[in-house]
Amino acid sequence: MLSKPHRLRKTKDFLTVYQQGRRHNSAVLSLRVYQRPYSEGNIPPIRIGISVSQKVSKHAVVRNRLKRQLRAACSQLLPQMKAGRDIVLVVRPTALKCSYQQFLQQLKQLFTQAEILHGH
RNA sequence: AGAGUAGGCGCAGGUGGUUGCAAAUUUACCUUGAGGUAAAUUUGAGGAAAGUCCGGGCUCCCGAAAGAUCAGACUUGCUGGGUAACGCCCAGUGCGGGUGACCGUGAGGAGAGUGCCACAGAAACAUACCGCCGAUGGCGUGCUGGUCACGCACAGGUAAGGGUGCAAGGGUGCGGUAAGAGCGCACCAGCAACGUCGAGAGGCGUUGGCUCGGUAAACCCCGGUGGGGAGCAAGGCAGAUGGAGCCAGGUUGGUCUUUUUCCAGCUCCAGCUUUUGAGGCCGCUUGAGGCAUUUGGUAACAAAUGACCCAGAUAGAUAACCGCCCCCUUGUGAUUCGCCAGUCUUGGCUUUGCCAAAACGACGCUGACCACAAGGAGAACAGAACCCGGCUUAUGUCCUGCUCUUUCA
RNA sequence: GGACGCAUAGCUCAGUUGGUUAGAGCACCACGUUGACAUCGUGGGGGUCCCCCGUUCGAGUCGGGGUGUGUCCA
């Protein structure tokens, strides 16, 4: 579970990311990144939101499990990530068959594409 | 062994490691304060949390004074009990199903009224199509001239038989009759009255007149309940925003030389996305609470006593990943038990043999058990969202009682 | 979270108090018309009335349960 400052919580924030963020897609996930404006020397922390619609699965148990696995994968990658971004992960129905290792791999690939990780 | 049936105040993986989340409490530090940070401890989904099908608590609105009766509306429907209440639960009755354990039951009234019962059929609350009869009356013929015989099927009688249909108006049998008919009788079904048993639904018995179609998950009648509606996205508080009103008092502060004006002020209303925000705080978890013991009750359940506090999230916590145990399948090995050709001892008898008991037991079988290896599944259904009591639906596994069938003793 | 509605032919919809073979338009097929196509005319095929259980002689319709799908509430 991510700690509170790293969670994206408000509907307004989600809308901002959807409307103004850049998109990166893969087979199982859709990533949107929004660079928040900030003053020099006061960089806000990165915030991550995960969206799983009812189209993915009708059962809340399955949706919650997907969100928990993705959160765990994100928290593992969190120390390598640049601050000041808002990220929304949209889960696609193909994600139902993925394991934790596959999620981790997909996230690394997407974050590299979006140039969020340090050292790239 | 197989098949089935009922119940459970049965369980809902365990354990170790790494990385993490939420709440409460305590301690420390920071902060004017609200609060924040860190550490430790404790706690952290369900039997259905689900469907939202019922019943409540709680909150607001309308309305009224809610006590009684009537009308309307709503709801319910065998009996008795339980419950805060229920359409729920328990115990029983009737009916239906099953070989049985047992199961199902929307089970008041069609003998208050209205409607409907298509097609078929003559007729679906009132009837004669075919058929049967034609005793009685009518017409004709005959001669024995009658209380006659024969014929006709005109009046008429008839629900036995045929045919139609889900259904034709109690059923079967005997008598009876012109033919028939509860017309008479016996048994059965059903109805009513009486007696008796039962708290009651009803059970049993006797007698009676002989009999009445189905449908109320059609309208309805009878009985029963009791203001209506919305729902925690109810509703309340604070805050910033907009609009309207008040300048009574005061002239405090800012703008200004002064006055006027405007903004802060107070009241009301609206509504809350673009720098706290499609929501901050409360409601929000102590409750018809669960647990243990005893007592009452066939049971549902109730009472008393004791100790207990047991989720409160809000893009939504209670977890993610990796091992081991446990479970299943396959293979290998091992020897302990089991089965088996047979050997031997004892005993009995119908004595070249048979039977019974005990011991040993090759080659094997793999049945149980053990070890190792490989593979599979990580449990099934499923995630609290104001809270309780039920119902319904989904679902893995364990235990117990009972029934039927087959085989062996 | 809560409150409601809908499901009938490939598509859009009717279906009366339960009644006999469930209809309409578009689409599809065949034939006619045309040199050919379109239009037009005639005829035809196509239905798990979303699923299960019940009431009834008889259910698209009535009662109960389930599934799918959509709308509204700050």
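Order of the sequence lines fixes the chain letters, A, B, ..., with proteins taken first and strands second; residue numbering starts at 1 for each chain.
Nucleotides B:rC339 and B:rA3, compared at atom C1', are 29 Å apart to the nearest Å. Of the P atoms belonging to B:rC95 and B:rG190, the separation is 9 Å, rounded to the nearest Å. Rounded to a whole angstrom, the distance from the P atom of C:rC4 to that of B:rG55 is 12 Å. With P as the reference atom, B:rU76 and B:rU127 are 43 Å apart, rounded to whole Å. With C1' as the reference atom, B:rG47 and B:rC11 are 11 Å apart, rounded to whole Å. Spacing of P atoms, C:rA74 relative to B:rU273, comes out at 14 Å, to the nearest Å. To the nearest whole angstrom, the two P atoms, one in B:rG226 and one in B:rC70, are 14 Å apart. Between the C1' atoms of B:rC321 and B:rG283, the separation comes to 40 Å (whole Å).
Anti is the glycosidic conformation of B:rU335, whose angle departs from 0 by more than 90°. Base orientation of B:rA120: anti, the glycosidic angle falling outside 90° of 0. With a glycosidic angle no more than 90° from 0, B:rC310 adopts the syn conformation. The glycosidic torsion of B:rG182 lies within 90° of 0, which places this base in the syn conformation. Base orientation of B:rG47: syn (glycosidic angle within 90° of 0).
Here B:rA315 presents its P atom at 15 Å from CZ of A:Arg63, a figure rounded to the nearest Å. Residue A:Arg32 contributes atom CZ, which lies 16 Å from atom C1' of B:rA315 at whole-angstrom precision. Atom NZ in A:Lys67 sits roughly 14 Å away from atom C1' in B:rC21 (whole-Å rounding). Put simply, CG on A:Leu104 is 15 Å from P on B:rA320, counting in whole angstrom units. Between the C1' atom of B:rC321 and the CD atom of A:Gln105 lies a distance of 16 Å, rounded to the nearest Å. Regarding A:Asn64, its CG atom lies at a distance of 14 Å from the C1' atom of B:rA320, rounded to whole Å. At whole-Å resolution of the value, CZ in A:Arg68 and P in B:rA319 are 7 Å apart. Look at CD1 on A:Ile48: it is 11 Å from P on B:rG316, rounded to the nearest Å.
Side chains of A:Gln109 and A:Ser26 form no contact here, defined as non-hydrogen atoms less than 4.5 Å apart. Taking 4.5 Å as the limit, some side-chain heavy atom of A:Leu29 sits within range of a side-chain heavy atom of A:Val91. At a threshold of 4.5 Å between non-hydrogen side-chain atoms, the residues A:Ser51 and A:Leu89 do not count as touching.
Linking Ile, Leu, Val, Met, Phe, Trp and Tyr whenever their side-chain heavy atoms come within less than 4.5 Å leaves A:Val61 and A:Leu70 in two separate clusters.
You'll find that the side chain of A:Arg65 is closest to B:rC321, out of B:rG316, B:rC321, B:rG383. If you check B:rA320, B:rA315, B:rG316 against the side chain of A:Ser51, the one that comes closest is B:rA315. With B:rC321, B:rA319, B:rA317 as the candidates, the nucleotide lying closest to the side chain of A:Arg71 is B:rA317.
Here OG1 of A:Thr112 is found 11.0 Å from NE2 of A:His24. Values are rounded to the nearest 0.5 Å. Atom-to-atom distance recorded for A:Cys74:SG and A:Ile87:CD1 is 7.5 Å, nearest 0.5 angstrom.
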In dot-bracket form, 5' to 3', how is RNA chain C paired? Count Watson-Crick and G-U wobble pairs only if both distances fall under 3.5 Å, and write | where the partner sits on another strand.
(((((((..((((.....[...)))).(((((.......))))).....(((((..]....)))))))))))).

For side chain to side chain contact (heavy atoms under 4.5 Å, CB included), just list the numbers for A:Gln113 and A:Leu31, CA-CA rounded to whole Å, side-chain angles, deciding distance to a tenth of an Å, and then say yes or no.
CA-CA 10 Å; A:Gln113 268 181 30; A:Leu31 176 72; over 6 Å; no

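The partner of B:rA230 is B:rU59, by the rule that a Watson-Crick or G-U pair needs both atom distances under 3.5 Å. As the counterpart of B:rU25, B:rA40 is assigned, both hydrogen-bonding distances of the Watson-Crick or G-U wobble pattern falling under 3.5 Å. Base pairing analysis places B:rU241 opposite B:rA270; the two distances defining the Watson-Crick or G-U wobble pair are each below 3.5 Å. Nucleotide B:rG2: paired with B:rC404 (Watson-Crick or G-U wobble, both distances less than 3.5 Å). In this structure, B:rA84 makes no Watson-Crick or G-U wobble pair, since no nucleotide meets both defining distances under 3.5 angstrom. Shown here, B:rC132 forms a base pair with B:rG157; the pair counts as Watson-Crick or G-U wobble because both key distances fall under 3.5 Å. Base-pair partner of B:rC310: not found among the strands shown (Watson-Crick or G-U wobble, both distances under 3.5 Å). Partner assigned to B:rC187 is B:rG171, using Watson-Crick or G-U wobble distances below 3.5 angstrom.
Closest-nucleotide positions on RNA chain B for A:Val61 and A:Gly49 were compared, and the one nearer the 5' end corresponds to A:Gly49.
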